[in-house]
Amino acid sequence: MKSAKSKKKALTPKIFVANWKMNKSYDDSVLFARNHINDLAQTILQTGHTVIICPNYLAIAPINAMLGSSGPMLGAQNCSRHGFGSYTGDTAASSLAQAGCRYVLIGHSERKRFYAETSIDLEHKLKEALKAELIPILCIGESEQEHAEGRTREILEAQLAHQLEIINAAPTQPTTYFIAYEPIWAIGSGITPEPHDLFVIFHWLAEFCTRKSPVAYKLLYGGSVKPANAASILATKHLDGVLIGSASLEFASFDSIIKADLLS
Ligand code: 13P
């Protein structure tokens, strides 16, 4: 019979990013942090994983005030394409960094779909994020139709190529950047790519990033990640973590995803 001690597995550190989108109010975001920051810190200690929470802008500073040095870190869901000035309603990357963010999502497909963000917008946002020393999480992904037409790689390459040039040319090169592959058809649909398709995409992404930039990168997958499929998704070669939408809203499901490799 195995002792409790021998059950503990040697885990490969992974990255778990919660994208709360606009699904939590300010009050609910702060309450989640108040109720669960210590539990999350405990899970991080137990697993050695990295946990990043992306709340709405307003909740960033109050949640940051509750964080300790060993708990989750904060990311923003977006940033302005401008650095400073008369841009009513916008929030600069530098302000997000001052409020406690270390990461920022750039080009989430919902930003492109609902706010018509273009690749030029994303390039400006990336430059601003790098200036503010935020680690960019570059979101890429193909539509259902592009997927059906077998154009995934071509689409991802087009979305990434110029962004990697910006990273390479940045006056202060970042120590790392993240890429989150989120097929648009997998977001919120309950459908995820087949394991072999994930293997092929991440194998190609790793090769592409290594070839195009000397800067270290981490590769994430996003789209319908749940406690039930997290372990098998995380087993994909070259995958460093996951970007989670709806299953990150409840502590229990978010925590089970972070512990998926312990529980499997
Ligand atoms: P779901 O996990 O709800 O599919 O959302 C994924 C996502 O868009 C994360 O950025």
Side-chain angles (χ1 to χ4, degrees), residues 12-17 19 49-52 54 73 75-79 93 102-109 111-112 117-143 146-147 150-184 186-187 192-223 225 233-244:
T12 312
K14 299 278 186 191
I15 301 158
F16 296 83
V17 185
N19 177 11
H49 295 324
T50 296
V51 177
I52 300 160
C54 304
M73 291 178 280
Q77 298 174 16
N78 180 32
C79 69
R102 293 181 55 184
Y103 299 84
V104 60
L105 299 180
I106 303 220
H108 191 283
S109 60
R111 300 287 322 166
K112 294 178 191 147
E117 282 188 0
T118 64
S119 54
I120 305 287
D121 291 323
L122 305 189
E123 286 160 18
H124 285 291
K125 287 177 186 223
L126 175 57
K127 286 181 189 164
E128 289 305 322
L130 295 174
K131 268 193 241 163
E133 296 186 15
L134 292 173
I135 295 174
I137 304 177
L138 307 173
C139 300
I140 57 171
E142 83 286 8
S143 69
E146 290 159 346
H147 176 70
R151 295 175 55 217
T152 300
R153 201 180 285 194
E154 168 202 337
I155 298 297
L156 302 189
E157 185 162 346
Q159 290 174 348
L160 265 185
H162 203 195
Q163 305 230 39
L164 295 192
E165 281 169 22
I166 289 171
I167 288 177
N168 294 342
T172 315
Q173 268 198 356
T175 50
T176 185
Y177 66 95
F178 291 10
I179 292 176
Y181 169 55
E182 297 203 296
I184 297 169
I187 296 175
T192 54
E194 294 298 324
H196 180 71
D197 292 342
L198 279 182
F199 168 78
V200 171
I201 294 283
F202 282 97
H203 184 81
W204 170 76
L205 269 175
E207 183 275 322
F208 184 78
C209 294
T210 308
R211 184 158 46 86
K212 292 285 181 185
S213 172
V215 180
Y217 57 84
K218 297 283 183 195
L219 301 179
L220 313 181
Y221 166 79
V225 176
I233 290 172
L234 285 162
T236 309
K237 199 169 170 203
H238 299 296
L239 187 69
D240 299 296
V242 283
L243 175 55
I244 312 151

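The CG atom of Leu205 lies 5.0 Å from the CD1 atom of Ile140; values are rounded to the nearest 0.5 Å. Lys125 contributes atom NZ, which lies 11.5 Å from atom CD of Gln163 (distance to the nearest 0.5 angstrom). The distance from the OH atom of Tyr217 to the CG atom of Leu160 is 11.5 Å, given to the nearest 0.5 Å. In this structure, CD in Glu157 is found 10.0 Å from CG in Leu164, a value given to the nearest 0.5 Å. The distance from the CD atom of Gln173 to the CG atom of Asn168 is 6.0 Å, given to the nearest 0.5 Å. Put simply, OG1 on Thr236 and OH on Tyr221 are 9.5 Å apart, with the number rounded to the nearest 0.5 Å.
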Q: Please test His108 against Glu182 for side-chain hydrogen bond (donor to acceptor under 3.5 Å, both in side chains), starting from the C-alpha separation and ending with a verdict.
A: CA-CA 8 Å; His108 191 283; Glu182 297 203 296; 3.0 Å; yes
Q.
What verdict does the side-chain contact (heavy atoms from CB on, under 4.5 Å) test give for Leu138 and Ile167, after you've listed the backbone C-alpha separation in whole Å, the side-chain angles of each residue and the deciding distance to 0.1 Å?
A. CA-CA 11 Å; Leu138 307 173; Ile167 288 177; 4.1 Å; yes
Q. side-chain contact (heavy atoms from CB on, under 4.5 Å) between Leu126 and Tyr177: does it pass, once the steps are laid out?
A. CA-CA 10 Å; Leu126 175 57; Tyr177 66 95; over 6 Å; no
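A 4.5 Å side-chain heavy-atom check between Ile166 and Leu130 finds at least one atom pair inside the cut-off. In this structure, Phe178 and Ile52 have side chains that are in contact, with non-hydrogen atoms separated by less than 4.5 Å. Between Glu117 and Asn78, the closest side-chain pair of non-hydrogen atoms falls below 4.5 Å. You'll find the side chain of Leu134 stays beyond 4.5 Å of the side chain of Cys79, heavy atoms only. The shortest distance between side-chain heavy atoms of Pro193 and Ile201 does not fall below 4.5 Å. A heavy-atom distance below 4.5 Å is not found between the side chains of Leu239 and Leu198. Looking at heavy atoms from C-beta onward, Val200 lies in side-chain contact with Arg153 at the 4.5 angstrom threshold.
Ring-plane geometry between Phe202 and Tyr181 is classed as perpendicular, the angle between the planes exceeding 60 degrees on a 0 to 90 degree scale with a lower cut at 30.
The minimum heavy-atom distance between Ile233 and Thr192, with the atom names listed, is CD1-CG2, 4.1 Å. Nearest heavy-atom pair, His49 versus Lys14, reported as atom, atom and distance to 0.1 Å: ND1-N, 3.0 Å. Heavy atoms only, all atoms of each residue included: Leu234 and Gly241 are closest at CD2-CA, 4.0 Å. Closest heavy-atom contact between Ile155 and Gly141: CG2-O, 4.1 Å. Closest of all the heavy-atom pairs between Ile106 and Leu122 is CG2-O, 3.9 Å. The two residues Leu219 and Ala206 have their closest heavy-atom pair at CD1-N, 3.8 Å.
Distance alone, capped at 3.5 Å, is enough to place a donor-acceptor pair between the Gln77 side chain and the Cys54 backbone. For the pair Lys112 (side chain) and Gly107 (backbone), a donor-acceptor distance under 3.5 Å is present.
By the neighbour-count criterion of 12 heavy atoms within 6.0 Å, atom NZ of Lys218 is sparsely surrounded, having that number or fewer from other residues, nucleotides or ligands. For Arg102, the CZ atom is loosely surrounded, since the number of other residues' heavy atoms within 6.0 Å does not exceed 12. Heavy atoms from other residues, nucleotides or ligands lying under 6.0 Å from CD of Glu133 number 12 at most.
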